[in-house]
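Read through the structure below, which is laid out as structure tokens, and then see the notes.
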Amino acid sequence: MEKPNNQTMVIFGASGDLTYRKLIPALYALYNQQMLPEKLHVLGVSRTAITDEAFHEKMTDGIRNFSENIHLNEQQIEEFISHTSYFQMDMSLPDEYLRLKTTLNKININEGTDGNYMFYLSTPPSMFSVISGNLAKVGLSNPSNGFKRLIIEKPFGYDLESGLMLNRQLHEAFNESQIYRIDHYLGKETVQNLLVMRFANGIFEPLWNRNYVDHVEITSAESIGVEGRGGYYDGSGALRDMLQNHLLQVVGLTAMEPPSSMDADAIRNETMKVMQSLKPIREEDVPRQVIRGQYITSHVRGEYIPGYRDEKGVNPESRTETFVAMKFFIDNWRWSGVPFYIRTGKRLPTRVTEVVVHFKPTPQSLFQNDDTCKSGNQLIIRIQPDEGILLKFGLKQPGTGFNVKGVNMDFHYSELSDVHLPSAYERLIYDAMIGDSTLYARADAVEAAWKFVAPIQKVWNNDPSQKIYGYPAGTWGPENAEALFEEKGDGWRYPCKNLADDGEYCEL
Ligand code: BG6
């Protein structure tokens, strides 16, 4: 394991939830595993007036409540927290950055962090260009005397134009090689495992193409609703919140060609080629290829679940989608003609993210009751929860005759009892600390993803007659999503049943 160089990590927006629930617990987990630099200082920055002591208390509380799969050691927590401090400033005022620079210089001298800075922007996206621009003005993006890295969280724009503009603004202050765009899906262990499974085994890759794969299905379902984020979500919707970034990154890793090495650019060049090969959906095909839905009131096991339009911060007449399902193609040699189906939604019956590779059926059905032959084998890569891999195939049912029984070969990561599954933030922060951007989204890929969703955004924004379907909370989304498969007679995989006791599918 490579030990990161000494550095100061500056978290802008340190009074927010992300710092408290994710970033600080992830840093502590790294500390616990001795994966942090020898000398590290964490400086929390935000507008709220709080003392170092109050900041320490809150961060300690965050570690105690939100650490995942890690043994908590009170003395160790205290040691870790002693290397953090708080700095209050108005991030929109250029002059404040000189004051920040003075404080950073002091930290640098006192703690010996070698002039290396990692700036983590856990702020509203409108602040990205303001903060990066101001850091550059006071010389804090200049990598000549220690590295200067910038980590930003999505959304990276809200459409193609704003995505391009954001990249332009960031590039005025930092080079692309200094910018780390977090897509926390890339930090998930099983998402990375797609690379290992495909390229460390000889048995899958020869089948991983249009000759043997019938179709690919990717689902990211959530059982929760918008959880108090109605204000943000209503301006976003599932297409921007999940599909344009997380799901298309998973498509990239599922569909990419073997990289020439495990170098960041070698891998990102290949996922980029997938993004560039996504066959644009023509505007007239949007209603047929893209289905959107919004959850409506229902009861799930007797419990009343409010509809999306009743959530706090949501417009009561909102037409924002909380579900999207799409069929598309990848126009290249490997995948030509293979449909990809992706869906994501909130208030679905369960939380599951999985990639299902459906192989072509055998050319002839020799046996009785042979559903496997008819439907083809499936390889299911379960990204979360219960990370693992499942292969479905047919075996002879014991007894007379040749009846075929579908069986599972099932691997669960949890069976590797000695293995600590790092949280996505743990992995990604560590990678940024050692300067490895493999699992970060590159500017060109983000732009290509915006380009792909642009016709859908255009049609939905400009044509009020475009349909949005209501689905009762606790169901698998609009029934029409099934129609995406119509021509082939296939359908979505449903890891569990609908849970709603009532509520009626409708057109909103
Ligand atoms: C975030 C979205 O990026 O991902 C949320 O903004 C969503 O709306 C979340 O709930 C899902 O992440 P995970 O890791 O729980 O699948």
Side-chain angles (χ1 to χ4, degrees), residues 13 16-19 21-23 25-26 29 66-69 120-125 128 151-158 163 180-194 218-253 292-295 308 311-314 318 320-324 342-355 381-388 413 421-429 439-441 445-446 449-450 453 473 477 495:
D17 247 21
L18 185 74
T19 308
R21 287 169 183 256
K22 299 279 186 198
L23 305 184
F66 296 102
S67 288
E68 293 167 27
N69 314 322
Y120 196 117
L121 273 46
S122 169
T123 61
F128 292 170
I151 305 187
I152 55 172
E153 284 271 345
K154 77 170 216 327
F156 311 127
Y158 47 90
Y180 292 70
R181 292 176 194 78
I182 281 218
D183 185 306
H184 79 279
Y185 264 56
L186 291 178
K188 290 181 191 284
E189 193 61 34
T190 341
V191 172
Q192 295 154 32
N193 191 42
L194 271 164
I218 299 177
T219 293
S220 182
E222 292 184 273
S223 50
I224 54 171
V226 288
E227 306 294 292
R229 294 161 73 225
Y232 150 77
Y233 195 88
D234 211 32
S236 173
L239 185 75
R240 287 190 189 121
D241 186 53
M242 291 290 291
L243 191 143
Q244 183 270 347
N245 35 69
H246 305 324
L247 288 187
L248 288 184
Q249 290 290 349
V250 175
V251 170
L253 292 174
R292 61 177 172 163
Q294 188 186 85
Y295 63 84
Y308 175 69
E311 301 270 13
K312 200 164 153 245
V314 171
S318 173
T320 296
E321 76 288 355
T322 59
F323 174 97
V324 60
I342 54 181
R343 67 180 163 167
T344 181
K346 294 208 182 276
R347 286 279 186 228
L348 302 186
T350 189
R351 174 173 186 247
V352 64
T353 301
E354 62 181 25
V355 177
I381 300 148
R382 266 189 321 253
I383 290 167
Q384 64 183 19
D386 190 14
E387 294 82 354
Y413 263 88
L421 274 190
S423 74
Y425 279 97
E426 219 175 298
R427 172 67 201 253
L428 292 172
I429 291 173
L439 300 175
Y440 284 86
V446 173
W450 278 126
V453 300

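Note that ligands are numbered from 1 as they come in the structure, with each ligand's atoms numbered from 1 the same way.
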- Message: Between Glu189 and Glu387, is the side-chain contact (heavy atoms from CB on, under 4.5 Å) condition met? List the steps.
- Response: CA-CA 8 Å; Glu189 193 61 34; Glu387 294 82 354; 5.7 Å; no
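- A salt bridge between Glu354 and Arg382 is absent, with no side-chain N of the basic residue lying under 4.0 Å from a carboxylate O of the acidic one.
- Protein residues having at least one heavy atom under 4.0 Å from any atom of ligand 1 are Lys154, His184, Tyr185, Lys188, Glu222, Arg229, Asp241, Met242, His246, Lys346, Arg351, Gln384, listed by chain and number.
- Remark: side-chain polar atoms of Tyr440 are paired, donor with acceptor, to backbone N or O of Leu428 under 3.5 angstrom.
- A search for salt bridge (Lys or Arg N to Asp or Glu O under 4.0 Å) contacts involving Arg240 returns nothing, not counting sequence neighbours.
- Separation of atoms CZ (Arg292) and OG1 (Thr320) is listed at 9.0 Å; rounding is to 0.5 Å.
- With Phe156 as the aromatic partner, Lys154 does not meet the cation-pi criteria of under 6.0 angstrom to the ring centre and within 45 degrees of the ring axis.
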